[in-house]
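To find a chain, count down the sequence lines: A is the first, B the second, and so on, and within it residues start at 1.
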There are 2 protein chains.
Amino acid sequence: MLDASDLRFVTALSAAPSLAAAARNLGVTPPAVSQRLALLEDRLGLRLMDRGRGHLRLTAEGAYLVNRAKDILNDVASLADEMSARAGRIEGPLHVIAPFGFGRLRVAPVLARFGDENPELHPTLNLSEDPVGAMSDGLWDVLIHVGRLPDLRITQRKLAPNRRVLVASASYINRAGLLQSPEDLSTHRIGVVRENRADASLWPLTGPDGIATNLRVRPVFDCNDGEVLRAWALEGFGIVERSEWSVSADLRAGKLVRVLPEWSLPDADIVALLNPRAVRSLRIDKFVERLGSEISAPAG
Amino acid sequence: MLDASDLRFVTALSAAPSLAAAARNLGVTPPAVSQRLALLEDRLGLRLMDRGRGHLRLTAEGAYLVNRAKDILNDVASLADEMSARAGRIEGPLHVIAPFGFGRLRVAPVLARFGDENPELHPTLNLSEDPVGAMSDGLWDVLIHVGRLPDLRITQRKLAPNRRVLVASASYINRAGLLQSPEDLSTHRIGVVRENRADASLWPLTGPDGIATNLRVRPVFDCNDGEVLRAWALEGFGIVERSEWSVSADLRAGKLVRVLPEWSLPDADIVALLNPRAVRSLRIDKFVERLGSEISAPAG
DNA sequence: TCAAGCATTAAGGCGTAACTTAATGTGGGC
DNA sequence: GCCCACATTAAGTTACGCCTTAATGCTTGA
């Protein structure tokens, strides 16, 4: 009678605005969808979807079936994951969210290698200016973030420590002059990363005497991709705050210099958040473990 | 990955003592089962069953899978039933338990007609000397019984009223003599139905003055099929207690006569018990409804 | 030791579910 | 009216899941 493939079929249909769109999503032709739905409706003796007036609408019976189908399919997936975990197999979908810069440069390579080693794994990487916002957009298993996120009820597992530093190119400093104290920043060109709708212009600095002060800066350039900001700093656009992982090679190469090196900013640990609503599965655990070990390793 | 047919397969295996027995139950050859199980184990990367030492045993992983599979398959069946009910379709398995005599003569014909009218219905009729015991043997949806069952927490829906009477053939009475009171029974040949391990030798009689007395009889012949007992009464073996439905035609035809007609026995209503653990479905409701209406109709 | 039952492997077969292509009709927007 | 997107029908194709048969080996009980 009803089979899991039927249930998957109707849930796929219910997520599309039309049968044709569903066919495209499923990678088949419209008659395949049209005929299969008709066969299923015939077997059940029920109309599941109304196709009139250019819109695909679920009937009451169709909606009921889809709701129940989702629960059952979740159970089936959960069972498949459990069996997979018991076998130590790493397979299935893995949805990762990460910020633009760190995501592209540090998460993506690890994910690619991890996926290469586990061909049955289906990774999805969502790079976002607003990783926290992306969380509420639907499907995610792991969110990787630079710096702990405040006011979240989700456990944030530290993958690696990470310091934040102020840097600029040597040419910019030669041109604009050395800084002696944070107050000097007000006369400089400042660039910030636009991320998570956070207030990027408030820099909590701690001096060599251990006294903390919140400095309000006025950014003259910003971008939602941290690596673009680094490139701009290299171009001599001004002073930027970056994570150490981002600029360590540049500092060593002398392309960038520390600004106010005796002042420090709060650490911004690399953290992983696990979706409490997602099924805990081996692939998630193994990926996070792998990412942590690769990020903690000395940068190449 | 995992599909409902896989889940059905492993649950069928888990219910059998060997792969060969499971094959027989499924109506296929042993290699079909052996190969399919091997393929599933290969896909999962897990050993599900140990075949050693002449016994089929579930591994821990296999047991876990089967337990989860049962839950999921119940959900799927429940959903299928719900969709079926919404469409007003009568289909799927229907497991009925009934006593030998009543089951064969009154339940089976109705069930056969009901099944004829609904080709997608798969009826199973289990006639048992011990209907209550059969309940605990596994799979049942409806139990039909003559007389209410005591000490059961299951709702017993009355399908039809039914009186119990003492009868014997005219030739037996001519030979053995008329009875004037219940005490006369002690000098007569008594036959009883052996059913449900009940004490069939205790007859709770109520006299014309309304006073009840429990009479202990000593049966000299018994059978677990009530209709055999009727036949024996017709043969002149002795006095039997029967339900009215069983002997009404014989009484009208004069083949049997009432014994102590001014005394009565408690009614033994025809009742239907629904398995509270079974999914409530349209086919069960419709069958019980049909059975009730056919049993209540004047006997043909 | 022998027979019976069971499990497995290799090779082959077949039915059907899941498509495809081609054609047609409908509805909406311009 | 034309075009586009969508839905449906008819007919054909094919891959694969689910077997089968034949053969072999193992275990157990008499």
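A pairwise comparison of heavy atoms in A/Ala87 and B/Leu44 identifies CB-O, 3.1 Å as the closest pair. Between B/Leu143 and B/Pro131 the shortest heavy-atom distance is CD1-O, 3.3 Å. Taking both residues in full, the closest heavy atoms of A/Ala16 and A/Asn25 are given as CB-ND2, 4.1 Å, listed atom of the first, atom of the second, then distance. Between B/Asp141 and B/Leu94, the shortest heavy-atom contact is OD2-CA, 3.4 Å. What you find for A/Gly103 and A/Leu125 is that their closest heavy atoms are O-CD2, 4.2 Å.
Under a cut-off of 6.0 angstrom, the local environment of CZ in A/Arg157 is sparse, with at most 12 non-hydrogen atoms contributed by other residues, nucleotides or ligands.
D/dT8 atom P lies 11 Å from atom CG of A/Leu13, rounded to whole Å. The distance between atom CD of A/Glu41 and atom P of D/dT8, rounded to the nearest whole Å, is 8 Å. What separates CG of B/Asp50 from C1' of D/dC26 is a distance of 16 Å, to the nearest Å. Whole-Å rounding puts the B/Leu56 CG to C/dA7 C1' distance at 11 Å. In this structure, CG of A/Leu19 is placed 14 Å from C1' of C/dT26, rounded to the nearest angstrom. Between B/Arg57 atom CZ and C/dC6 atom P the separation is 18 Å, expressed in whole Å. Atom pair B/Met49:CE and C/dC6:P shows a separation of 16 Å (rounding to whole Å applied). Straight-line distance from the CG atom of A/Leu26 to the P atom of C/dA18: 12 Å, rounded to whole Å.
Within 4.0 Å of A/Ala32, counting heavy atoms only, lies at least one base atom of the nucleic acid.
For the side-chain contact (heavy atoms from CB on, under 4.5 Å) test with A/Phe102, the passing option among A/Val146, A/Leu127, A/Asp225 is A/Val146; the others fail.
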Heteroatom pairs (N/O) under 3.5 angstrom, protein to nucleotides 10-18 of chain D:
unit_1, atom_1, unit_2, atom_2, d
D/dA10, N6, A/Gln35, NE2, 2.8

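Each end of the helix from C/dT1-D/dA30 to C/dC30-D/dG1 gets its own axis, taken as the rotation carrying the C1' atoms of four end pairs onto the next four within a five-pair window, and the two axes meet at 30° to the nearest 10 degrees.
Phosphate proximity of C/dC6 to B/Arg24: present, with a side-chain N or O under 4.0 Å from OP1 or OP2. For B/Ser34 and C/dA7, the shortest distance from a side-chain N or O to OP1 or OP2 is not below 4.0 Å.
With sequence neighbours excluded, the residues satisfying salt bridge (Lys or Arg N to Asp or Glu O under 4.0 Å) with A/Asp285 are A/Arg280.
Side-chain proximity of B/Ala20 to C/dT20, D/dA7, C/dA7: nearest is C/dA7.
Ring geometry for B/Trp232 against B/Phe221 counts as perpendicular: the plane angle is over 60°, on a 0 to 90° scale with 30° as the lower cut.
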